[in-house]
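Contents: one structure, followed by commentary.
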Amino acid sequence: MIITISVVVMAFCIVMGAQMIKKYSTLKDLQAQEKKLQSQYQKELQLSEELKDQEEYVKTDDYVEEMARNLGLLYPNEVIFKPEE
């Protein structure tokens, strides 16, 4: 009787030990995933801030002037001198 109880207790301890090892491995994987997602979240926050800054810049007269110059537009009385090639 004592031997049977001992075998059952030993089997229970082995099963519990295996489950603990499996759960520890899962915990480590989840911690690594959390760290990766936290890093990605910080990058996305930074990108969001950069886009907000860009949005504010697009609303300025400086941006409009820059885009107009890229399209070759001038002020009404403006003259552009280009060197001869």
In short, ring-ring contact (aromatic ring centres under 6.0 Å, His included) pairs touching residues 7-48 with sequence neighbours left out are none
query: Does S25 use its side chain to pair, donor to acceptor, with the backbone of I21 at less than 3.5 Å?
result: no
Value for CD (Q31) from CD (Q38), rounded to nearest 0.5 Å, stands at 13.5 Å
- For V7 and M10, run side chain to side chain contact (heavy atoms under 4.5 Å, CB included): C-alpha distance rounded to whole Å, both residues' side-chain angles, the deciding distance at 0.1 Å, then the answer. CA-CA 5 Å; V7 169; M10 291 286 282; 5.7 Å; no
Output for pair (Q19 CD, T26 OG1), nearest 0.5 Å, gives 9.5 Å
Identify every side-chain donor-acceptor pair in residues 47-69 under 3.5 Å, counting partners at least two apart or on other chains, and give the distances.
from: Y57; atom 1: OH; to: E66; atom 2: OE1; distance (Å): 2.5
from: T60; atom 1: OG1; to: Y57; atom 2: O; distance (Å): 2.6
from: T60; atom 1: OG1; to: Y63; atom 2: N; distance (Å): 3.4
from: E65; atom 1: OE1; to: Y75; atom 2: OH; distance (Å): 3.2
from: R69; atom 1: NH1; to: E78; atom 2: OE1; distance (Å): 3.3
from: R69; atom 1: NH1; to: E78; atom 2: OE2; distance (Å): 3.1
from: R69; atom 1: NH2; to: E78; atom 2: OE2; distance (Å): 2.9

Residues passing the side-chain contact (heavy atoms from CB on, under 4.5 Å) test with V9, sequence neighbours excluded, are I5, C13
Value for CD (Q33) from NZ (K35), rounded to nearest 0.5 Å, stands at 14.0 Å
